[in-house]
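Below you'll find the structure, written out as structure tokens, and then a few comments.
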Amino acid sequence: MKPTRQEVFFFGTPPGDRRFTEEALPVWADHGTRFMYGIPGKRVARFKVADDSRGPVFDPTNGERTPTAGAMQNRPRLSSRTDSPD
């Protein structure tokens with residue numbers, strides 16, 4: 001088994017905003033040049049967005065878990081998707 005690194009972000013959603021709950025928003029996946037997906041929060045005010053493209057081999061015991069610079073540069077673009085109005 002070779003674990004690989006994937007970047008995962010959790011975005012807080014406005015309290016009481018039902019647009020990002022499992023009842024209002026489906027799980028989505030974008031099979032473009034990278035495999036991106038999003039999962040609405042279940043009974044919590046958050047939304048998960050992840051890049052599940054296979055990354056470099058990763059040591060799950062001792063590996064660095066701080067987001068990479070590349071993922072941080074893409075983060076505003078990803079978060080802007082959830083900021084758009086209905």
Heavy-atom side-chain contact between F58 and E64 under 4.5 Å: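 They are not in side-chain contact.
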
Check: D51 and Q6 side chains under 4.5 Å, non-hydrogen atoms: no

Euclidean distance, E22 CD relative to F47 CZ, rounded to 0.5 Å: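 Spacing of CZ (F47) from CD (E22) equals 12.0 Å.
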
Atom pair CG (D52) and CG (D30), whose distance is rounded to the nearest 0.5 Å: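 If we round to the nearest 0.5 Å, D52:CG and D30:CG are 12.5 Å apart.
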
Closest approach of [X] and [Y], non-hydrogen atoms and distance?
| X | Y | result |
| --- | --- | --- |
| A24 | P26 | O-CD, 4.1 Å |
| F10 | K48 | CE2-CB, 3.7 Å |
| A50 | V8 | CB-CG2, 3.9 Å |
| P67 | R5 | CA-NH2, 3.7 Å |

Between T68 and E7: side-chain donor-acceptor atoms closer than 3.5 Å: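 Short answer, yes.
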
Hphob cluster co-occupancy, F35 + V27, side-chain heavy atoms under 4.5 angstrom: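 Shared cluster, yes.
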
Common cluster, F11/Y37, ILVMFWY with side-chain heavy-atom separation under 4.5 Å: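 Hydrophobic grouping puts F11 apart from Y37.
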
Side-chain donor/acceptor of R34 to backbone N/O of R54, under 3.5 Å: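 It does not hold such a pair.
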
Side-chain (R65) to main-chain (P60) donor-acceptor, under 3.5 angstrom: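 The answer is yes, because a donor-acceptor pair under 3.5 Å joins these two groups.
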
Sequence-distant partners of R46, salt bridge (charged side-chain N to carboxylate O under 4.0 Å, His left out), two or more places apart: none

